[in-house]
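For reference, positions follow the sequence shown, starting with 1. Note that the coordinates shown come from a computational prediction; the quantities given were computed from them, not determined experimentally.
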Amino acid sequence: RSQLLKSRELLSTYRRMPARRPPDLSPGILSDTVLRLFPFENVDQTSVLQLVSYEDRNYYFVGTLQGQPTTDEFVFKISNASACLDLIEGQNDVMNYLKERDIPCSYPLASRQRDYCIVVSSSDLQFISDSAFSCCIRVFPFLQGNLLNSVKVTEQLLRCVGRFVGTLDNAFEVSDFFSADLGL
């Protein structure tokens, strides 16, 4: 129970933090960063596209992972590192847990050092700023689809969402994923 309270305190702290968006990256800097930190053979700089996001910056890109015969689509996510690394690592743990159970979801790719989240400074990103700050970088496979708020709500859609939420509920109910970490 004390762990649950600690998690709530961390989330509360995260919500109170001033929002400072990570830097806007050029396709060249993004490509160089991905190739340096993640196991990619190449990144198509012409494919880089900034996606809509709130506090983080998300970029779509096409690249080839080492040892893979074809290119694929990915998302490069850069977050303000002061945005509670425990929360980011918790997100990674949940996504990896769901992936291990074949539940369709995004999940972080491991870096060259086998980390799912890499903290870098603004100077590591070749970004000139009046103040130094740190960013958390993650890369995910791109999932094609629409955001739920952009599609027409129908009975079929609600049933589909309900089935998926039920699948998530079952996956966590039959595990000790949360209870072990929260001491419940």
Side-chain angles (χ1 to χ4, degrees), residues 11 13-68 70-96 98-99 103-153 157 161 164:
L11 186 57
T13 301
Y14 173 73
R15 288 180 178 151
R16 287 191 310 263
M17 295 178 92
R20 177 172 183 183
R21 288 191 74 177
D24 190 9
L25 302 179
S26 71
I29 291 175
L30 183 139
S31 175
D32 291 347
T33 302
V34 169
L35 292 171
R36 183 168 36 96
L37 300 176
F38 292 88
F40 280 83
E41 290 180 3
N42 67 53
V43 171
D44 178 2
Q45 289 185 25
T46 64
S47 71
V48 175
L49 173 69
Q50 188 167 347
L51 302 172
V52 175
S53 61
Y54 180 63
E55 289 181 355
D56 301 335
R57 292 209 190 260
N58 299 310
Y59 297 87
Y60 166 91
F61 71 93
V62 174
T64 305
L65 282 167
Q66 289 179 345
Q68 297 297 314
T70 60
T71 60
D72 215 339
E73 300 171 293
F74 300 91
V75 172
F76 177 93
K77 184 175 197 71
I78 180 168
S79 307
N80 187 335
S82 66
C84 192
L85 288 175
D86 288 338
L87 183 63
I88 291 170
E89 289 177 7
Q91 291 171 349
N92 291 343
D93 290 345
V94 169
M95 289 183 280
N96 283 326
L98 295 173
K99 178 183 175 268
I103 296 174
C105 68
S106 191
Y107 56 91
L109 298 176
S111 70
R112 292 186 185 277
Q113 291 76 34
R114 305 256 183 245
D115 295 318
Y116 293 113
C117 176
I118 301 175
V119 177
V120 298
S121 70
S122 54
S123 61
D124 291 334
L125 295 172
Q126 305 164 4
F127 179 76
I128 308 304
S129 173
D130 55 354
S131 61
F133 57 94
S134 297
C135 300
C136 173
I137 294 175
R138 297 182 285 174
V139 173
F140 304 89
F142 177 76
L143 293 179
Q144 189 67 37
N146 296 315
L147 296 176
L148 192 57
N149 69 350
S150 67
V151 295
K152 183 180 177 187
V153 177
L157 175 67
V161 169
F164 184 73

Does the side-chain contact (heavy atoms from CB on, under 4.5 Å) test come out yes or no for R57 and L25, once each step is laid out? CA-CA 9 Å; R57 292 209 190 260; L25 302 179; over 6 Å; no
At their closest point, which heavy atom of [X] faces which heavy atom of [Y], and how far apart are they?
X: P39; Y: S111; value: CD-C, 4.1 Å
X: T64; Y: T70; value: CG2-O, 3.7 Å
X: V52; Y: N58; value: O-ND2, 4.1 Å
X: K152; Y: L157; value: O-CD2, 3.5 Å
X: R138; Y: Q91; value: NH2-OE1, 3.1 Å

Take L98 and Y107, measure what side-chain contact (heavy atoms from CB on, under 4.5 Å) needs, and give me the verdict at the end. CA-CA 9 Å; L98 295 173; Y107 56 91; over 6 Å; no
According to side chain to side chain donor-acceptor pair (under 3.5 Å), who are the partners of D44, at least two apart in sequence or on a separate chain?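 Applying side chain to side chain donor-acceptor pair (under 3.5 Å) to D44 gives T46.
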From S53 atom OG to Y59 atom OH, the distance as rounded to the nearest 0.5 Å: 8.0 Å
Pairing residues for Y60 by the ring pair (Phe, Tyr, Trp, His ring centres under 6.0 Å) criterion, not counting sequence neighbours: F142
Residues at least two apart in sequence or cross-chain that pass ring pair (Phe, Tyr, Trp, His ring centres under 6.0 Å) with F61, listed by chain then number, are F40, F74
Could you go through Y116 and M95, starting from their C-alpha distance and side-chain angles, then the distance that decides it, and tell me whether this counts as side-chain contact (heavy atoms from CB on, under 4.5 Å)? CA-CA 11 Å; Y116 293 113; M95 289 183 280; over 6 Å; no
Residues V43, L35; criterion side-chain contact (heavy atoms from CB on, under 4.5 Å); working and verdict: CA-CA 7 Å; V43 171; L35 292 171; 4.1 Å; yes
